[in-house]
Participant: 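The structure under discussion is supplied below as structure tokens; questions concerning it will follow.
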Amino acid sequence: MNKIEVEDLNVYFGDNHVLKDVNIEIPKNNVTALIGPSGCGKSTFIRTVNRMNDLIPSFRHEGNVLLDGVDVYNHKMDVVDLRKKVGMVFQKPNPFPKSIFENVAYGLRIHGINDNDSLSARVEEALRSAALWDEVEDKLENSAMGLSGGQQQRLCIARTIANNPKVILMDEPCSALDPISTTKIEDLIHKLKRDYTIIIVTHNMQQATRVSKYTSFFLNGEIIESNLTDKIFIDPQNKKTEDYITGRFG
Amino acid sequence: MDKNRINEFLIEKGLFITAIFSIMVIFVIILFILMEGLPAFEEYGFFNFLFGLAWSPNHGEYGVFAMIIGSLCVTLLSLLMAVPLSLLCAIFMAEVAPNNIRKILKPVVETLSGIPSVVYGFFGLIVLVPFLRESFGGTGFSMFAASLILTVMVLPTIISISQDSLRAVPHEYREASFGLGATNWQTIKNIVFPAALPGIVTAIILGMGRAIGETLAVIMVVGNVVQIPSSIFDPVRTLTANIAIEMGYATGLHYNALFGTAIVLFLIIMILLLVANYIRYKYKVDIGGGYL
Ligand SMILES: Nc1ncnc2c1ncn2[C@@H]1O[C@H](COP(=O)(O)OP(=O)(O)O)[C@@H](O)[C@H]1O
Ligand SMILES: [Mg+2]
């Protein structure tokens with residue numbers, strides 16, 4: 001079953017035609033990896049799904065981005081609600097300059113949960129799901145800025161999970177992390193895919209093979225090939241895909 | 001290579017000497033004020049000077065307490081009006097206004113801070129004082145008139161520095177907040193504003209410094225009566241005004257007492273700065289960072 005279906009999506013930043021006739025289906029409760037050289041539009045694509053591109057004045061789009069069959073750009077869509085359902089983890093860990101607890105509680109607070117008991121319970125649950133609880137349990141009131149990069153990124157994942165999303169978008173979540181932290185995040189992704197539909201942008205082909213079931217290859221704003229990850233890496237159908245994954249360009 | 005090293009050496013030493021020189025100038029000034037002011041404390045008694053209610057050089061009375069109150073009241077009242085106003089304005093300029101409006105507003109605000117204080121004072125004297133006289137009775141020369149003028153004078157300082165520190169908050173924080181479904185206002189209130197707070201406190205400190213030190217514009221509208229005010233429409237005298245008004249003809253102990261007034265002003269400013277810096281430091285540590 002598909003969680004997200006994108007039909008003939010074109011995206012422009014002013015005169016810059018960034019995504020061209022993109023069609024893709026994202027299956028529910030699986031990990032889909034997006035690979036491709038820098039500047040080919042991977043970030044732009046995932047930011048279209050939770051409408052983060054709305055923040056950019058020159059952004060314009062055509063086509064449909066269906067989440068559970070409903071176009072996220074339809075005029076009745078509540079963007080606040082959409083972003084609650086479609087969480088996002090960024091390339092550089094970006095915890096707020098607040099306590100660890102408040103980082104996770106923030107999303108809950110802005111969505112109207114203020115009762116201390118339920119906040120505590122849900123913060124703990126989210127931190128456990130993000131495999132961070134054991135490391136921070138006795139310093140929840142400390143500033144999140146004191147955590148290591150890997151811990152900060154897991155905190156950002158916890159913050160996203162706390163909102164109870166259906167989809168998690170990850171934009172190169174490990175590119176600023178060391179190998180050990182990267183492994184922890186990858187393990188976490190394996191654990192999360194049971195409950196969430198995950199789209200992960202990655203520069204690292206090994207990472208794509210390790211974490212994802214499906215992979216799409218982007219090049220110059222077009223999707224060249226989408227398939228099972230195993231198929232794409234073992235037997236790419238398109239010459240450009242083959243060139244990219246064998247490291248001949250990009 | 002060698003030439004570079006010599007250049008480097010000269011520049012380094014040159015900067016060092018300039019820095020030392022400016023610090024020395026400040027020390028010489030402080031030393032001079034202390035030397036001229038301390039005799040007043042010795043002769044009149046420090047506590048009598050500080051807490052005495054009567055300032056009457058003709059009768060040898062030199063109590064500055066009413067003027068301490070005057071300075072503090074005028075400053076606090078003006079901050080009470082200026083801080084909310086300028087923070088809202090800074091938030092509007094930094095977060096809400098579209099780029100082209102910001103491009104117009106920023107230089108306008110910066111120009112405001114370049115207007116000489118005599119112009120503000122003159123405006124107060126010609127427009128504000130008569131207006132207050134007609135609206136609220138009395139002479140119009142009052143603590144309130146001075147506070148209003150000071151409000152306008154400190155607005156640009158607080159606005160531009162707060163605005164800079166709001167805009168220095170990394171874009172990543174906003175993205176994270178929007179990504180969690182926060183609205184623009186929620187993001188400003190809960191994320192951007194707290195992250196910018198150390199810088200905003202700095203802005204308020206500088207505004208406060210300007211208000212408490214302002215002399216000319218205040219003299220022109222404040223009434224300069226040495227008394228503890230019972231309402232904001234009463235005339236008062238500030239410490240700065242006291243020095244400026246009487247310095248021209250003061251001799252002997254009177255002359256020393258004016259320098260004593262300067263020492264008191266200096267102490268007050270030091271205490272306010274220390275308190276404000278402590279708050280800023282404490283807060284910065286608490287949030288683990290902070291952007292100026
Ligand atoms: N905020 C923006 N404004 C204008 N153009 C942008 C913006 N963000 C990205 N682009 C353009 O969109 C294209 C795709 O960028 P991006 O989606 O970030 O690529 P990727 O994530 O694959 O490296 C690039 O040509 C880039 O210049
Ligand atoms: Mg990118």
Side-chain angles (χ1 to χ4, degrees), chain A residues 43 46-47 49-57 78-100 102-112 141-147 152-153 155-156 158-165 168-171 176, chain B residues 91-105 162 164-203 279-292:
Chain A
S43 298
I46 64 170
R47 295 163 69 90
V49 179
N50 65 345
R51 293 188 51 174
M52 283 296 273
N53 284 328
D54 292 14
L55 303 175
I56 298 162
D78 175 5
V79 181
V80 166
D81 195 49
L82 171 70
R83 292 185 186 150
K84 219 169 110 182
K85 275 196 243 160
V86 182
M88 182 156 210
V89 177
F90 299 83
Q91 180 164 356
K92 198 170 134 233
N94 57 353
F96 301 121
K98 294 177 181 290
S99 72
I100 294 170
E102 284 305 324
N103 261 278
V104 184
Y106 178 67
L108 300 167
R109 286 193 198 278
I110 57 174
H111 296 303
E141 295 312 317
N142 290 14
S143 169
M145 308 316 260
L147 298 173
Q152 289 188 356
Q153 194 62 303
L155 181 65
C156 293
R159 177 173 74 182
T160 307
I161 293 175
N163 264 348
N164 250 331
I168 303 177
L169 309 170
M170 300 186 172
D171 194 349
Chain B
I91 289 174
F92 173 75
M93 284 171 66
E95 303 292 323
V96 184
N99 268 326
N100 45 358
I101 294 192
R102 172 165 45 240
K103 278 198 196 112
I104 300 171
L105 278 180
S162 311
D164 288 343
S165 67
L166 286 168
R167 290 187 65 78
V169 173
H171 191 62
E172 283 84 10
Y173 292 168
R174 294 166 225 259
E175 285 208 310
S177 178
F178 289 131
L180 290 167
T183 59
N184 204 0
W185 175 238
Q186 284 172 328
T187 303
I188 294 170
K189 180 165 88 90
N190 299 307
I191 304 297
V192 179
F193 190 81
L197 201 54
I200 290 172
V201 173
T202 307
I279 295 173
R280 182 170 59 140
Y281 169 78
K282 181 100 183 31
Y283 186 78
K284 220 169 176 168
V285 171
D286 282 352
I287 64 169
Y291 293 82
L292 193 118

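Numbers restart at 1 for each chain; the letters A, B, ... are given by sequence-line order, proteins then strands.
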Participant: Just so I know, are the side chains of A:R83 and A:M52 near enough to count as touching, which here means a heavy-atom distance under 4.5 Å?
Facilitator: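 A side-chain contact under 4.5 Å exists here.
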Participant: Is it the backbone or the side chain of A:L82 that comes under 4.5 Å from a heavy atom of chain B, or both, or neither?
Facilitator: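 Contact with chain B is absent: no heavy atom of A:L82 under 4.5 Å.
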Participant: From A:F96 CZ over to A:M145 CE, what is the distance, rounded to the nearest 0.5 angstrom?
Facilitator: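 So the gap between those two atoms works out to 10.5 Å.
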Participant: Quick one: what part of A:K92 sits under 4.5 Å from any heavy atom of chain B, side chain, backbone, both or neither?
Facilitator: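 A:K92 touches chain B through side-chain heavy atoms alone.
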Participant: Apply the side chain to side chain donor-acceptor pair (under 3.5 Å) test between A:N94 and each candidate in A:Q153, A:R159, A:Q152; give the one that qualifies.
Facilitator: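 Of all the options given, the one that passes is A:R159.
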Participant: To the nearest 0.5 Å, how far apart are CZ in A:F90 and OG in A:S43?
Facilitator: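 Answer for the CZ-OG pair, A:F90 versus A:S43, is 10.5 Å.
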Participant: Check whether A:P57 gets within reach of chain B through its side chain, its backbone, both or neither, counting any heavy atom under 4.5 Å.
Facilitator: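 The answer is neither part of A:P57.
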